[in-house]
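Okay, structure first, notes after.
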Amino acid sequence: MLEVEQKFRVPDLAAIAARLTDLGGTLGEAELQIDRYFNHPSREFARTDEALRIRQVGEMNYVTYKGPKLDSTTKTRREIEVPIAPGDVMAEQFAELLVALGFRPVAEVRKQRRKTTLEHRGWRIELVLDEVERVGQYVELEVVVEPSEMDAAREAIGSLAAELGLTENERKSYLELLLERR
């Protein structure tokens, strides 16, 4: 499966939230997400365009691998996400395991995220509104598809982005944007 995603920098999340409501979306409550990124012991993920992170959302924890981007306009890539045991202690123990295996901590990205989904051109598209500490405000549009559906999904996401007035496409990850500001 592939994650087809586009991310846009926005000046006003409230305006986008209102537009989503007009289109029938119901935004969930904001949730704090803490993403801790690690670098591989024998290859530089910044060069290979990969990522490994531990994500904490409340008590829930996930470890995620993201492969290199597959095109030049979206953030389409292979993503493997596995839940791990809940709680702060378990997230810390998994981080310790990664370090013991030679992975190096890179940075922590903290964001407040609100989610909704919209039906658009036959696709169920997930939209998230992110307020990322020390980075800014963004809207992401995403759908998970089979590789054969990638082009059609990309077109649907682009169409919905245009309908929402999203124009400032950002292909860099929040981690890359945060590291640039350091």
Side-chain angles (χ1 to χ4, degrees), residues 1-8 31-115 117 123-136 138-154 157 169-182:
M1 299 297 284
L2 297 176
E3 174 188 73
V4 179
E5 174 187 313
Q6 269 194 292
K7 175 170 51 189
F8 299 88
E31 61 185 15
L32 174 64
Q33 292 188 350
I34 303 169
D35 294 338
R36 295 166 59 186
Y37 287 88
F38 294 83
N39 203 357
H40 194 277
S42 63
R43 66 184 190 256
E44 185 66 39
F45 281 165
R47 277 191 228 121
T48 61
D49 194 27
E50 298 170 280
L52 178 67
R53 73 169 182 233
I54 298 171
R55 171 171 284 172
Q56 291 180 264
V57 184
E59 284 293 306
M60 300 304 299
N61 297 312
Y62 306 88
V63 62
T64 307
Y65 165 78
K66 291 184 174 234
K69 294 179 195 88
L70 299 176
D71 68 34
S72 62
T73 57
T74 67
K75 295 180 64 197
T76 301
R77 54 178 31 177
R78 181 177 183 210
E79 180 176 304
I80 303 168
E81 185 167 82
V82 178
I84 57 176
D88 291 341
V89 171
M90 296 311 294
E92 187 56 40
Q93 286 180 344
F94 196 85
E96 288 177 24
L97 177 130
L98 290 176
V99 170
L101 292 172
F103 286 81
R104 298 177 313 280
V106 176
E108 181 177 281
V109 175
R110 299 171 70 89
K111 63 182 169 282
Q112 292 288 329
R113 173 169 276 185
R114 296 179 71 195
K115 298 179 185 179
T117 56
W123 293 90
R124 187 169 176 80
I125 300 174
E126 179 179 73
L127 294 98
V128 298
L129 280 61
D130 287 336
E131 181 129 10
V132 186
E133 289 181 16
R134 301 186 314 264
V135 176
Y138 293 85
V139 175
E140 293 184 1
L141 293 80
E142 174 185 317
V143 65
V144 177
V145 300
E146 295 288 341
S148 63
E149 301 171 306
M150 184 175 77
D151 290 336
R154 203 172 28 217
I157 285 174
N169 187 29
E170 178 57 70
R171 289 191 71 240
K172 293 179 185 172
S173 69
Y174 294 138
L175 174 62
E176 290 170 300
L177 294 168
L178 177 67
L179 293 176
E180 282 179 355
R181 293 175 186 232
R182 282 188 172 173

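It should be emphasised that the depicted structure is a prediction, and the values quoted were computed from it without experimental measurement.
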For the side chain of D35 and the backbone of V109, is there at least one donor-acceptor N/O pair under 3.5 Å apart?
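No, because the side chain of D35 does not come within donor-acceptor range (under 3.5 Å) of the backbone of V109.
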Check: V135 main-chain N/O paired with R181 side-chain donor or acceptor under 3.5 Å
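Such a contact is found between R181 side chain and V135 backbone.
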How about [atom1] on [X], more than 12 heavy atoms from neighbouring residues, nucleotides or ligands closer than 6.0 Å, or not?
X	atom1	answer
R78	CZ	no
R104	CZ	yes
R47	CZ	no

Would you say the side chains of Y174 and Q33 form a donor-acceptor pair under 3.5 Å?
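Y174 vs Q33: no donor-acceptor pair found between side chains.
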Check whether any side-chain heavy atom of L32 sits under 4.5 Å from a side-chain heavy atom of Q112, and report yes or no.
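L32 reaches Q112 side chain to side chain.
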I'd like to check I157 versus T74 (side-chain heavy atoms, cut-off strictly below 4.5 Å). Are they in contact?
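Not touching, per the 4.5 Å side-chain cut-off.
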Parallel, tilted or perpendicular for F45 and F103, by the 30°/60° rule?
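Geometry flag for F103 against F45: tilted rings.
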Walk me through whether K172 and E180 qualify under side-chain contact (heavy atoms from CB on, under 4.5 Å).
CA-CA 10 Å; K172 293 179 185 172; E180 282 179 355; 2.4 Å; yes
To check you understand the geometry: which heavy-atom pair defines the closest contact between T73 and R154, and what is its length?
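Taking every non-hydrogen atom into account, OG1-CD, 4.0 Å.
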Which heavy atom of Y62 sits nearest to which heavy atom of P83, and what is that distance?
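Closest heavy-atom pair between Y62 and P83: CD2-CA, 3.8 Å.
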Mind checking side chain to side chain donor-acceptor pair (under 3.5 Å) for N39 and listing every partner two or more places apart, or none if nothing turns up?
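For N39, the residues satisfying side chain to side chain donor-acceptor pair (under 3.5 Å) (neighbours in sequence not counted) are E44.
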I'd like to know whether W123 forms a side-chain contact (heavy atoms from CB on, under 4.5 Å) with E149, so could you lay out the CA-CA distance, the side-chain angles of the two residues, the decisive distance to 0.1 Å, and finally the verdict.
CA-CA 11 Å; W123 293 90; E149 301 171 306; 3.7 Å; yes
Listing, residues 87-99 side-chain donor-acceptor contacts under 3.5 Å, not counting sequence neighbours, or none:
residue, atom, partner, partner atom, Å
D88, OD1, Q56, NE2, 2.9
E92, OE1, R36, NH1, 3.3
E92, OE1, R36, NH2, 3.2

